[in-house]
Amino acid sequence: MSSDTRILDLADLSSEQWGLFTMAQAKELGFSAQQIARMAKAGTVERIRHGVYRIGGAPSVPSERLRAAWMMIEPGATAGERLREGSPAVVTHRSAAWLHGLGDVDADVMEFATSKRRQSRLSDVRYRVASYEPDAWTLEDGLPVTTVLMTIVDLAAGHLDGGHLAGIVRDAVVTNRVDSERVSEALRPFAHMYGVRLGDGEALLSRFLEEAGIPQSTRALGQRLAGQGVLDLPNSAFMDIPALQSLRDTVALMNSPALQSFRDAAALLNSPTMHSVRDAEGWIHSPVMQSFRDAALVNSEAMQSIWDAAALMNSPAMQSLRDAAAAVDMPVVEAARKVADGQRRAQ
C-alpha cells in the first residue's frame with residue numbers, strides 16, 4: 001500500500017472519531033512511530049497527548065483532552081466499535097459535571113468508570129470500577145458520560161463538598177436538565193452527610209439551592225403558586241395564560257425572518273468588509289485624493305499645448321537651429337550690420 005493511500009486511510013479513520021487517532025490505530029494501518037513523528041514535525045498531524053494525535057486541519061475543541069484520554073483506555077479500538085459494545089468506559093464524577101456544563105468544579109483529573117480494574121500511570125487520569133445501566137449514561141459531545149442525575153448521585157456519594165455540589169444541583173435544576181423531584185429523591189441517602197435530617201432529600205435540595213443563590217422567597221413563590229393550583233392547570237390552559245402568550249410572541253419575533261434579516265444586516269455593517277468599504281470611502285474624500293483630482297488638469301488641452309511646446313524646444317530641429325546660430329562668426333555679422341546702418345544714414 002502506498003504512503004499516500006495510507007495517509008488517506010488515516011484521515012478517514014480520524015474523521016469518524018473527532019479528527020483523532022491513536023498510535024496503535026496508525027500502526028494497524030502500516031505506519032511506524034518514526035513516520036508519525038516525522039508527520040508531526042511536518043505539521044501533517046499534531047500530538048495531543050502521549051499516544052493520541054489529531055489529523056491536520058481538524059478543529060480543536062475544549063473536550064479534546066477528555067476525548068484523547070478516553071481513546072487511550074482502549075487505543076486499538078475505534079470510537080465507533082467501543083460505543084457499539086453497549087458498556088463502554090464512561091466519563092464520571094467531576095469530569096462528567098464539567099462535560100455537562102454544571103457548576104464550577106475543578107476537573108483537571110479526568111475520571112472514567114470501566115467494567116474492569118485498570119491502573120493509570122498518568123497523574124491526570126483516574127479510573128473507577130463501575131458498570132452503569134443503559135439509562136444511567138448518555139452521549140455528550142460524542143463521549144459516553146453519566147446522566148445529569150447520576151452525576152449528582154455519584155458526586156454526593158463521593159462526598160463532594162456542599163458548596164460545589166450546590167452549584168451543580170442549581171445549574172441542573174434551573175436549566176431544566178433534571179426534575180427537582182427526582183433530585184430530591186436521589187439525594188435522600190446522602191442528606192445526613194450534608195447537615196440535614198437523614199432521608200430528607202427535599203430539605204437538602206432546598207439547602208443547596210439557597211447556598212447556590214436561589215433565595216427562599218423565590219422558592220416560596222413557586223410553592224405558593226403550586227398550592228393555589230396555578231401550576232397544576234391543564235397544559236392547554238397553562239399555555240394560554242397572557243404572560244406565557246407574550247413570552248411565545250416574543251420568542252416568535254426573535255426568531256422571525258424579519259428580525260433575522262435585521263441581525264444579518266447589522267452583522268454585515270459591522271463586518272471587516274464594510275469597515276474596509278467605509279475606510280475606502282473616507283480615503284476617496286481625503287485631501288490627498290482631492291490633490292489627485294486637481295492634478296487632472298495635467299490632462300487638459302492647455303497643458304497639452306505646454307507639453308507640445310516643450311517637446312518642440314527639445315526637438316532635433318530646434319537643436320540644429322541653435323547649433324547653426326552658435327556656428328556663425330559674430331564679428332562678420334557685426335561688420336555687416338554696421339555697413340547696413342551706414343547705407344541707411346547716407347540715404
Side-chain angles (χ1 to χ4, degrees), residues 1 3-85 87-130 132 137-146 151:
M1 183 184 297
S3 59
D4 290 343
T5 302
R6 284 184 294 142
I7 291 176
L8 292 177
D9 290 341
L10 188 61
D12 290 340
L13 172 65
S14 302
S15 68
E16 298 176 356
Q17 43 191 27
W18 318 297
L20 306 179
F21 67 91
T22 67
M23 179 65 77
Q25 293 169 346
K27 287 182 176 180
E28 289 184 3
L29 293 176
F31 289 94
S32 67
Q34 292 75 17
Q35 287 174 316
I36 296 298
R38 286 196 294 270
M39 291 169 64
K41 187 175 181 180
T44 307
V45 301
E46 182 178 350
R47 184 177 183 273
I48 304 303
R49 63 183 293 120
H50 178 71
V52 183
Y53 295 80
R54 181 175 65 241
I55 203 75
S60 176
V61 297
S63 60
E64 183 174 70
R65 176 171 165 268
L66 196 60
R67 288 172 171 176
W70 181 80
M71 291 180 66
M72 284 302 294
I73 297 174
E74 295 182 47
T78 66
E81 290 171 347
R82 292 172 61 186
L83 291 175
R84 286 191 292 271
E85 288 178 359
S87 57
V90 176
V91 181
T92 65
H93 292 77
R94 292 170 179 255
S95 295
W98 177 86
L99 193 57
H100 283 301
L102 303 174
D104 58 353
V105 292
D106 180 7
D108 290 341
V109 176
M110 295 172 285
E111 300 175 274
F112 302 95
T114 59
S115 57
K116 298 179 180 179
R117 183 174 299 279
R118 302 182 65 91
Q119 293 291 333
S120 175
R121 299 178 181 178
L122 304 173
S123 60
D124 63 345
V125 175
R126 179 183 301 159
Y127 297 120
R128 288 182 170 86
V129 179
Y132 290 94
W137 66 273
T138 184
L139 289 178
E140 185 73 30
D141 208 11
L143 285 170
V145 58
T146 51
T151 300

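No experiment lies behind these values; they were computed from the predicted model shown.
- Side chains of Leu122 and Met72 form no contact here, defined as non-hydrogen atoms less than 4.5 Å apart.
- The side-chain hydrogen bond (donor to acceptor under 3.5 Å, both in side chains) search around Tyr127 returns none, not counting sequence neighbours.
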Side-chain donor-acceptor contacts of residues 97-106 below 3.5 Å, not counting sequence neighbours, with atom names and distances?
from, atom 1, to, atom 2, distance (Å)
His100, ND1, Arg177, NH2, 3.2
His100, NE2, Thr146, O, 2.6
Asp106, OD1, Asp108, N, 3.2

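- When all heavy atoms are compared, the tightest approach of Leu13 to Gln17 is O-CG, 3.4 Å.
- Taking each heavy atom of His93 and Tyr132 in turn, the nearest pair found is CE1-OH, 4.4 Å.
- Heavy-atom minimum distance, Gly142 versus Leu139: O-CD2, 4.0 Å.
- Contact between Ala68 and Leu20 at its shortest, heavy atoms only, is N-CD1, 4.3 Å.
- At a threshold of 4.5 Å between non-hydrogen side-chain atoms, the residues Ile7 and Phe31 count as touching.
- Between the side chain of Arg67 and the main chain of Trp18, no donor-acceptor pair closer than 3.5 Å is present.
- Under the side-chain contact (heavy atoms from CB on, under 4.5 Å) criterion, Glu74 pairs with Ala77, Arg82, Glu85, sequence neighbours left out.
- Judged purely by atom type and a 3.5 angstrom limit, Ser120 uses its side chain to pair as donor or acceptor with the backbone of Val125.
- When side chains are defined from C-beta on, Ser14 does not count as touching Tyr53, because their heavy atoms never get closer than 4.5 Å.
- Here Glu46 pairs with Arg54 under the side-chain contact (heavy atoms from CB on, under 4.5 Å) rule; sequence neighbours left out.
- When all heavy atoms are compared, the tightest approach of Ile36 to Val45 is O-CG2, 4.0 Å.
- Looking only at side-chain heavy atoms (C-beta outward), Val145 and Thr138 come within less than 4.5 Å of each other.
- Closest approach of Leu10 and Met39 over heavy atoms only: CD2-CE, 4.2 Å.
- In this structure, OG1 on Thr22 lies 7.5 Å from CD on Glu28, to the nearest 0.5 angstrom.
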What pairs of donor and acceptor atoms, side-chain ones from residues 109-117 against any protein atom, are under 3.5 angstrom apart with sequence neighbours left out?
from, atom 1, to, atom 2, distance (Å)
Glu111, OE1, Arg94, N, 3.1
Glu111, OE2, Arg126, NH1, 3.3
Glu111, OE2, Arg128, NH1, 2.7
Glu111, OE2, Arg128, NH2, 3.2
Thr114, OG1, Lys116, O, 2.7

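- Applying the side-chain hydrogen bond (donor to acceptor under 3.5 Å, both in side chains) rule to Ser60 yields the partners Glu64; only residues at least two apart in sequence or on another chain are considered.
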Starting from the C-alpha separation in whole Å, work towards a yes-or-no answer on side chain to side chain contact (heavy atoms under 4.5 Å, CB included) for Arg65 and Asp124.
CA-CA 10 Å; Arg65 176 171 165 268; Asp124 63 345; 3.7 Å; yes
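- Under a 3.5 Å cut-off, the side chain of Ser63 and the backbone N or O of Leu66 do not form any donor-acceptor pair.
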